[in-house]
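Lettering follows sequence order; numbering is per chain, from 1. Basis for what follows: all heavy atoms, side chains included, without hydrogens, waters or symmetry-related copies.
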Amino acid sequence: MQTDKLTGRAFDDEVYAVVAQIPAGKIVSYKQIARLIGMPDHARRVGRAMASAPAELPCHRVVNSAGRTAPGWPQQRELLEKEGVRFKANGCADVVRFMWEEIL
DNA sequence: AATTTGACTTATG
DNA sequence: CCATAAGCCAAAT
């Protein structure tokens, strides 16, 4: 293994793999994904990956640390609610109950 | 190549 | 809830 350089396409590819495995009715933060792929400090990179992610990905299950939906995409909330995710009055998902925790 | 920008996070007010 | 600040890193300009 020459390097762990998950840079460029490799990083995004890992991100897509993780997002594809998020169980329905659950949410996960960018930082959490970054952590799962071994790069906890690249939360931003994850977001950028999503911005360019294929529509097949359940990217609607990816929210920020506060359970907030992505900017410019308010419909994300509707999609999550349809999967059983409850939202708080402040417009944030109830991360206390729906944040994904299958981290090994 | 340097600067700006961004689907981030945490903390503070 | 929104604004600002500082930390963080890579892609876009």
Side-chain angles (χ1 to χ4, degrees):
Chain A
M1 297 260 307
Q2 298 71 14
T3 72
D4 312 59
K5 275 187 179 205
L6 258 51
T7 42
R9 207 191 95 132
F11 187 101
D12 292 11
D13 199 23
E14 292 297 299
V15 173
Y16 300 148
V18 173
V19 174
Q21 287 161 70
I22 303 172
K26 281 287 186 182
I27 56 178
V28 59
S29 67
Y30 299 95
K31 201 171 212 183
Q32 211 173 338
I33 294 172
R35 192 148 83 104
L36 284 168
I37 65 179
M39 297 183 131
D41 296 326
H42 287 68
R44 283 179 130 136
R45 223 21 235 331
V46 176
R48 203 174 293 113
M50 310 297 352
S52 185
E56 289 71 33
L57 259 109
C59 41
H60 61 266
R61 296 186 189 138
V62 183
V63 295
N64 70 9
S65 62
R68 198 64 160 135
T69 54
W73 189 23
Q75 283 191 317
Q76 184 178 11
R77 176 176 175 173
E78 301 284 296
L79 293 168
L80 289 171
E81 287 186 302
K82 199 151 62 167
E83 295 200 344
V85 177
R86 278 211 229 189
F87 275 71
K88 301 195 289 186
N90 54 346
C92 299
D94 192 343
V95 299
V96 180
R97 296 176 48 170
F98 298 100
M99 186 60 77
W100 189 36
E101 290 183 52
E102 293 296 346
I103 306 177
L104 304 173

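- In this structure, the CZ atom of A/F11 is 9 Å from the P atom of C/dA10, given to the nearest Å.
- You'll find a donor-acceptor pair under 3.5 Å spanning the side chain of A/R44 and the base of C/dC8, going by distance alone.
- The gap from the P atom of B/dA1 to that of C/dC8 amounts to 24 Å, rounded to the nearest Å.
- Listed candidates were C/dA11, C/dC8, B/dC8. Nearest to the side chain of A/R45 is C/dA11.
- For the side chain to side chain contact (heavy atoms under 4.5 Å, CB included) with A/V18, the qualifying choice from A/L57, A/L36, A/V28 is A/L36, the only one to do so.
- Comparing the P positions of B/dT5 and C/dT4 gives a spacing of 15 Å, expressed to the nearest Å.
- Atom OH of A/Y30 and atom C1' of C/dA10 are 16 Å apart (whole Å).
- For DNA chain C, the residues of residues 62-87 of chain A within the heavy-atom distance limit of 4.0 Å (strictly under) are A/R68, sorted by number.
- Protein atom CG of A/D12 is 17 Å distant from nucleotide atom P of C/dC9, rounded to whole Å.
- Rounded to whole angstrom, the span from the CE atom of A/M39 across to the P atom of C/dA11 amounts to 10 Å.
- Look at A/H42 and you won't find any side-chain N or O under 4.0 angstrom from OP1 or OP2 of B/dC8.
- Straight-line distance from the CZ atom of A/R9 to the C1' atom of C/dA10: 17 Å, rounded to whole Å.
- Residue A/A43 has its side chain nearest to B/dT9 when only B/dA7, B/dG6, B/dT9 are considered.
- A/K31 places its NZ atom 15 Å from the P atom of C/dA10, with the value rounded to the nearest Å.
- Nearest to the side chain of A/M50, among B/dA7, B/dG6, C/dC8, sits B/dA7.
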Derivation and outcome, side chain to side chain contact (heavy atoms under 4.5 Å, CB included), residues A/R61 and A/V85 = CA-CA 9 Å; A/R61 296 186 189 138; A/V85 177; over 6 Å; no
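- The OH atom of A/Y16 sits 15.0 Å away from atom CD of A/Q21, with the distance rounded to the nearest 0.5 Å.
- Taking the six-membered ring for Trp and thresholds of 30 and 60 degrees, A/H42 and A/F11 have ring planes inclined between 30 and 60 degrees apart.
- Rounded to an integer number of Å, the gap from A/I33 CD1 to B/dT9 C1' is 14 Å.
- Atom CD in A/Q32 sits roughly 13 Å away from atom C1' in B/dC8 (whole-Å rounding).
- Closest of all the heavy-atom pairs between A/Q76 and A/H60 is NE2-O, 2.9 Å.
- Within the model, atoms CZ of A/R9 and CD of A/E14 stand 10.5 Å from one another, a figure rounded to the nearest 0.5 Å.
- At a threshold of 4.5 Å between side-chain heavy atoms, the hydrophobic network of Ile, Leu, Val, Met, Phe, Trp and Tyr places A/M39 and A/I22 in one connected group.
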